[in-house]
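The structure under discussion appears below in the form of C-alpha cells.
For ligands, and for the atoms within them, numbers begin at 1 and follow the listed sequence.
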Amino acid sequence: MNEGTENPVPVLNVTREGAVATIRIDRPPANAVDPAMIEEFLTVLAPLADDPAVRCVVLTGTGRFFVAGADIAVMRDLSDANQAKMRRWIDVQRALERAPKPVVAAMNGHALGGGAELSLACDLRILADNASFGFPEMALGLFPGAGGSQRLPRLVGPHLAKRLMIDGVRLSARRALELGLVDVVVPQEEFAETVAATARTLAAKPTAAIALLKRVVDEGYGLPIEEALAREEKGVQELMRSADAAEGLQAFLDKRPPEFTGR
Ligand SMILES: CCCCCCCCCCCCC/C=C/C(=O)SCCNC(=O)CCNC(=O)[C@H](O)C(C)(C)COP(=O)(O)OP(=O)(O)OC[C@H]1O[C@@H](n2cnc3c(N)ncnc32)[C@H](O)[C@@H]1OP(=O)(O)O
C-alpha cells in the first residue's frame, strides 16, 4: 500500500450472509481514510442500499482498528482539491443515514476522528471492550469537521459535545458507553458473534418500517413541530400500505410470530 496515496488495491471487503451485508475495512496499518477508500465506500454502498434482499448493513474493521480517522499523511496536503476529495466522507455518512435499512457500526478496534464520526451516522454502535472511541482532532490543530461537530451535539448535547471535541480524549469503551456515545460494549472474545446475532435480528425486522422511520426522523428533526408532523404523516401513509404492516397486525390477531419480508 502506498502510504498516503490512492490505494492500488481494494480496501473494502464486502460479504453477504443471508440478508446481512458486511463491509470490512482493511487498509493497513490503521484503516485510516484516504480519498480512494472514500470513493470505494460510495461505490460499494450504493448497490447494498438499493438491494431489497439486503436488510442490514454492518461496517467493521480489522485487527486493532475500526477506523483511526483521516489518514494524517494525506491530510497534510491542505490544498482545496485534496480537502474536497476527503470531504466526500460526508457523502459516505449521508449514504449510511439514507440507507433504507439498519446500518451497524461494529467497532472492533479504535474508532477515532473520522472513524468515530462515521459511526455517528450509523443506526447502532457496537464497540469492543478493548477499543477506544473519541475525537482527537484538536491535538492535530483540527476540529471534527467531518460531520462530528454537527452530529455529536445532536447526540449528547452541545456542552458535552464541545468538551469531548476540545479535550480530544480517547475514551475507553466503558466511558464511551456511559456517555451514550455507543449503544453496546462487548467483550472482544464475544464481539463477532454478538454483531452477527444483532445483525440477524435487525434483518428480520420490517425493513420498510425502519427505512421510513429513518427518513421521517432525519427529515423532521429540528423542524418546527407542525412541519415535522407533516413529514411523519407522509411516512405513515407509506407505512400503512406496506405488506409488513398488514402481516404484523394480522400475526398479532392470529397469536403467531410475524414473518416480515421487509416490504
Ligand atoms: C475521514 C475524515 C475525513 C476528513 C474530511 C476533510 C475535510 C475537513 C478537514 C478538517 C476536519 C478533520 C476531520 C477528521 C480528521 C481526522 O480524523 S484526523 C485523524 C484523527 N485520528 C487520530 O488522531 C488517531 C491517530 N492515531 C493514534 O493516535 C494512534 O495510532 C492510536 C490510535 C492511539 C494507537 O496507537 P498505537 O497503538 O501506539 O499504534 P500506532 O503505532 O500509533 O499506529 C499504528 C500505525 O498506524 C498509523 N496510524 C495510526 N493512526 C493513523 C492515522 N489517523 N493516519 C495515518 N496513520 C495512522 C501509525 O502511524 C502507525 O504506523 P506505522 O508507524 O507505520 O506502524
Exercise. Crowded around D80 CG? As in, over 12 foreign heavy atoms under 6.0 Å?
Worked result: no
Problem set entry | More than 12 heavy atoms from other groups under 6.0 Å of CZ on R256 | yes
Exercise. Under 6.0 Å from the CZ atom of R24, do we count more than 12 heavy atoms belonging to anything else shown?
Worked result: no
Exercise. What are the atoms of ligand 1, with element, lying closer than 4.0 Å to any heavy atom of Q83?
Worked result: 6 (C), 7 (C), 9 (C)
Exercise. Just distances here: any N/O of F143 and N/O of ligand 1 closer than 3.5 Å?
Worked result: no
Problem set entry | Under 4.0 Å to a heavy atom of G113 - the qualifying atoms of ligand 1, by number | 17 (O)
Problem set entry | Nearest candidate to atom 45 (C) of ligand 1, where distance is taken over non-hydrogen atoms, out of P29, A32, A146 | P29
Exercise. Is it true that D51 and R16 make a salt bridge, defined as a side-chain N closer than 4.0 Å to a carboxylate O?
Worked result: yes
Problem set entry | Salt bridge E226-R231, side-chain N to carboxylate O under 4.0 Å | no
Exercise. Applying ring-ring contact (aromatic ring centres under 6.0 Å, His included), which residue pairs with at least one partner in residues 69-124 are found, sequence neighbours left out?
Worked result: F41-W89, F65-H110
Exercise. Would you call P136 a ligand 1 contact, heavy-atom distance under 4.0 Å?
Worked result: yes
For this session: Please state which part of V33 comes within less than 4.0 Å of ligand 1, counting heavy atoms only: side chain, backbone, both or neither.
Result: side chain
For this session: Heavy-atom distances under 4.0 Å are what count here, so tell me which part of I38 touches ligand 1: side chain, backbone, both or neither.
Result: neither
Exercise. With backbone taken as N, CA, C and O and side chain as the heavy atoms from C-beta onward, which portion of M86 lies under 4.0 Å from ligand 1: side chain, backbone, both, or neither?
Worked result: both
Exercise. Mind checking whether L140 has an N or O less than 3.5 Å away from an N or O of ligand 1?
Worked result: no
Problem set entry | Ion pair R88/E39, N-O distance below 4.0 Å | yes
Distance-only donor-acceptor hits, side chain of residues 163-176, under 3.5 Å, sequence neighbours excluded:
residue, atom, partner, partner atom, Å
R170, NH1, S132, OG, 2.9
S172, OG, R175, N, 3.0
R174, NH1, E178, OE2, 2.6
R175, NH1, E178, OE1, 2.9

Exercise. Taking 4.0 angstrom as the limit, do D244 and K205 come out as a salt bridge?
Worked result: no
Exercise. Can you list the atoms of ligand 1 that are under 4.0 Å from a heavy atom of A30?
Worked result: 46 (O), 48 (N), 49 (C), 50 (N)
Exercise. Does atom CD of Q237 have more than 12 heavy-atom neighbours, drawn from other residues, nucleotides or ligands, at distances under 6.0 Å?
Worked result: yes
Problem set entry | ligand 1-proximal atoms of F65, by part, heavy-atom distance under 4.0 Å | side chain
Exercise. Looking at E117, which atoms of ligand 1 are within less than 4.0 Å of one of its heavy atoms?
Worked result: 13 (C), 14 (C)
Exercise. Counting only heavy atoms, which portion of A68 has something under 4.0 Å from ligand 1: side chain, backbone, both, or neither?
Worked result: both
Problem set entry | ligand 1 versus A70: contacting region, heavy-atom distance under 4.0 Å | both
Exercise. Which atoms of ligand 1 sit under 4.0 Å from any heavy atom of G69?
Worked result: 17 (O)
For this session: Would you mind finding which of I72, V67, D71 brings a heavy atom closest to atom 25 (C) of ligand 1?
Result: I72
